[in-house]
Q: 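Dropping a structure here in structure tokens format, bear with me for questions.
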Amino acid sequence: MLVHIDHEGIRRAGCIVETEAYVGPHDAASHARSGPRGRATLMYGKAGVAYVYLIYGMHHCFNATTEQDGYPGAVLVRAIEPVENVERGNGPALVCQALRIDRGCNGVDLVESSRLFIETASPVADADVRVGPRVGVDYAGEWATHPWRFWKADSPHVSRRPGTATTYDPAMLG
DNA sequence: GCACGGATTTCC
DNA sequence: GAAATCCGTGCG
């Protein structure tokens, strides 16, 4: 569950039901593809940090950094199931809109922070996880076909996109 | 310095 | 199917 407490102390939260992984310097779909510069610098830093960026000049996307310090990685939160003071969050930009997350949250340590963090609430069983190609990264060639999008089966809160679904196999993760 | 396009959403 | 709308990246 992703939790954000805004400037007025209002707590908003939702269970994460859809994510995408962006891993490694060679992932052509990742912002880290151009090296540890600019906004992607955070992806090269330590894990557990909020990476929030502006997309299409008007929408925000929230990521949590992953992997070891020096090796780039992040998980994009694409959808949440409303839990507290949230109406809808079926899409990366809508997640940020619903939780009032913007670039002011960029760089926040999700482990240490008391205003933006992730809680383990009701984990999704492996059997309910669906896997497919990432969305909106067709420009990335072969990397666009990697099955690095994960969502909760039959959840009405995942972003509405046509997607080839396979079941999740924990062994597939290297 | 400047042109180009995007990890999206919404409306025609 | 296309617009809305900034900023990082790439190239000069």
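In what follows, chains carry the letters A, B, and so on, assigned in the order in which the sequence lines appear, proteins first and then strands, with residues in each chain numbered from 1.
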Q: Determine: side-chain N/O of A:Arg88 to OP1/OP2 of B:dT10, distance under 4.0 Å, yes or no.
A: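 It does, given that an N or O in the side chain of A:Arg88 lies less than 4.0 Å from OP1 or OP2 of B:dT10.
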Q: Any base atoms under 4.0 Å from A:Ala93, or only sugar-phosphate, or nothing? Heavy atoms, all strands.
A: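 Sugar-phosphate: the residue A:Ala93, judged by heavy atoms under 4.0 Å, touches backbone atoms but no base.
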Q: Is a salt bridge present between A:Arg11 and A:Glu119, judged by a nitrogen-to-oxygen distance below 4.0 Å?
A: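 Salt bridge: yes.
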Q: Mind calculating the distance between CZ (A:Arg33) and P (C:dG10) to the nearest angstrom?
A: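 Atom-to-atom, A:Arg33 to C:dG10, this comes out as 8 Å.
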Q: Find out whether A:Asn106 and A:Tyr51 are in side-chain contact, i.e. whether some heavy atom of one side chain is under 4.5 Å from a heavy atom of the other.
A: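 Yes. Closest side-chain heavy atoms under 4.5 Å.
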Q: Tell me whether the OP1 or OP2 atom of B:dT8 has a side-chain N or O from A:Ser159 closer than 4.0 Å.
A: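 No, A:Ser159 has no side-chain N/O under 4.0 Å of OP1/OP2 on B:dT8.
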Q: Let's test this: given Watson-Crick or G-U wobble pairing with both distances under 3.5 Å, identify the partner of B:dA7.
A: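 Partner of B:dA7: none.
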Q: Counting just side-chain N and O atoms, does A:Arg103 come under 4.0 Å of either OP1 or OP2 of C:dC6?
A: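 False: A:Arg103 side-chain N/O out of range (4.0 Å or more) of C:dC6 OP1/OP2.
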Q: Distance check, C1' atoms only: B:dG5 and C:dA2, in whole angstrom units.
A: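 So the two C1' atoms sit 15 Å from each other.
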Q: For the residue pair A:His31 and A:Tyr53, does the interplanar ring angle fall in the parallel (under 30°), tilted (30 to 60°) or perpendicular (over 60°) class?
A: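 Rings of A:His31 and A:Tyr53: perpendicular, as their planes differ by over 60°.
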Q: Looking at every strand, decide which applies to A:Arg134 at a 4.0 Å heavy-atom threshold: base, sugar-phosphate, or nothing.
A: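 Contact class for A:Arg134: none.
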Q: Heavy-atom nearest nucleotide on DNA chain B for A:Leu54 versus A:Gly91: which residue maps closer to 5'?
A: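 So the residue in question is A:Leu54.
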Q: Does A:His31 make a side-chain N or O approach to OP1 or OP2 of C:dG8 shorter than 4.0 Å?
A: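 No, no such contact exists.
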